[in-house]
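Below is one structure; the comments refer to it alone.
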Amino acid sequence: QVQLVESGGGLVQAGGSLRLSCAASGRTFSGYAMGWFRQAPGKEREFVGGISWSGVTRYADSVKGRFTVSSDNAKNTVYLQMNSLKPEDTAVYYCAGRSGGVLTAIAQYGDWGQGTQVTVSS
């Protein structure tokens with residue numbers, strides 16, 4: 001059974017930075033893509049960015065140029081570097097995994113972490 005554990009959330013001022021981590025265990029991760037999603041209060045969960053096993057990345061338009069997804073395959077860990085944070089980035093951030101490439105649809109991901117809260121103050 002796959003386990004995904006996020007860490008690194010917290011409270012930061014607008015314009016600041018945070019780096020989230022997602023550690024994966026429980027299977028062979030070759031060919032496995034990881035996505036980051038977020039859910040703000042009262043809103044639907046949305047795709048933020050993701051990375052394939054081969055390192056191909058994909059981002060939502062709202063975070064392009066500010067967020068970067070990277071991975072350390074040896075550690076089965078994916079990172080979300082968030083710079084120039086805005087109050088509207090406040091949400092619970094989730095990592096999710098799937099076999100194959102990075103897709104943006106929530107339903108395409110079968111493995112999910114428990115989420116980590118990111119709060120950006122103005």
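Along the sequence shown, the residues carry numbers beginning at 1.
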Legend entry - Steps toward side chain to side chain contact (heavy atoms under 4.5 Å, CB included) verdict (L80, E6): CA-CA 10 Å; L80 179 64; E6 303 98 333; over 6 Å; no

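- Residues F47 and V102 meet the side-chain proximity criterion, which asks for heavy atoms closer than 4.5 Å.
- In terms of hydrophobic clustering, with Ile, Leu, Val, Met, Phe, Trp and Tyr side chains grouped at heavy-atom distances under 4.5 Å, Y93 and V120 are assigned to a common cluster.
- In this structure, L20 and M82 have side chains that are in contact, with non-hydrogen atoms separated by less than 4.5 Å.
- Contact record, C22 with L4: SG-CB, 4.0 Å, taken as the closest heavy-atom pair.
- Of all heavy-atom pairs spanning Y109 and G35, the tightest one is CE2-N, 3.8 Å.
- Residues I51 and W36 have side chains not in contact (no heavy-atom distance under 4.5 Å, counting atoms from C-beta outward).
- Proximity of I106 to F37: side-chain heavy atoms (C-beta onward) are separated by under 4.5 Å at one or more points.
- When each of E88, E46, E44 is tested with R38 by the rule salt bridge (charged side-chain N to carboxylate O under 4.0 Å, His left out), just one qualifies, namely E46.
- Taking 4.5 Å as the limit, every side-chain heavy atom of N83 sits out of range of all side-chain heavy atoms of F67.
- Looking only at side-chain heavy atoms (C-beta outward), D111 and R98 stay at 4.5 Å or farther from each other.
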Inset, instruction - Show your reasoning for whether salt bridge (Lys or Arg N to Asp or Glu O under 4.0 Å) applies to K64 and D61. - result: CA-CA 5 Å; K64 279 181 182 177; D61 288 343; 3.2 Å; yes

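- With rounding to the nearest 0.5 angstrom, the CG atom of N76 is 9.5 Å from the CZ atom of R27.
- Under the ring pair (Phe, Tyr, Trp, His ring centres under 6.0 Å) criterion, W53 pairs with no residue, sequence neighbours left out.
- Under the side chain to side chain donor-acceptor pair (under 3.5 Å) criterion, R19 pairs with no residue, sequence neighbours left out.
- With rounding to the nearest 0.5 angstrom, the CG atom of D72 is 5.0 Å from the OH atom of Y79.
- Taking both residues in full, the closest heavy atoms of A33 and G100 are given as CB-O, 3.1 Å, listed atom of the first, atom of the second, then distance.
- The backbone N or O of A60 lies less than 3.5 Å from no partner atom in the side chain of S62, so there is not a single donor-acceptor pair.
- Few gaps surround CD on Q117; more than 12 heavy atoms of other groups in view lie less than 6.0 Å from it.
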Legend entry - Check against side chain to side chain contact (heavy atoms under 4.5 Å, CB included), M34 and S71: CA-CA 9 Å; M34 297 290 288; S71 63; over 6 Å; no

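- Within the 4.5 Å cutoff, side-chain heavy atoms of L85 are placed close to those of L18.
- Checking side-chain atoms of T116 against main-chain N and O of G9 turns up a donor-acceptor pair under 3.5 Å.
- No side-chain heavy atom of S70 sits under 4.5 Å from any side-chain heavy atom of Q81.
- With sequence neighbours excluded, the residues forming a ring pair (Phe, Tyr, Trp, His ring centres under 6.0 Å) with Y32 are F29, listed by chain and number.
- Summarising the geometry, atom OG belonging to S7 is positioned 8.5 Å from atom CD belonging to Q114; distances are rounded to the nearest 0.5 Å.
- Following chains of ILVMFWY side-chain contacts shorter than 4.5 Å, one can reach V118 starting from V63, so the two form part of one hydrophobic cluster.
- Closest of all the heavy-atom pairs between Y59 and V69 is OH-N, 2.8 Å.
- Contact record, S122 with P87: CB-CG, 3.8 Å, taken as the closest heavy-atom pair.
- L11 approaches S121 most closely through the heavy-atom pair CD1-CB, 4.3 Å.
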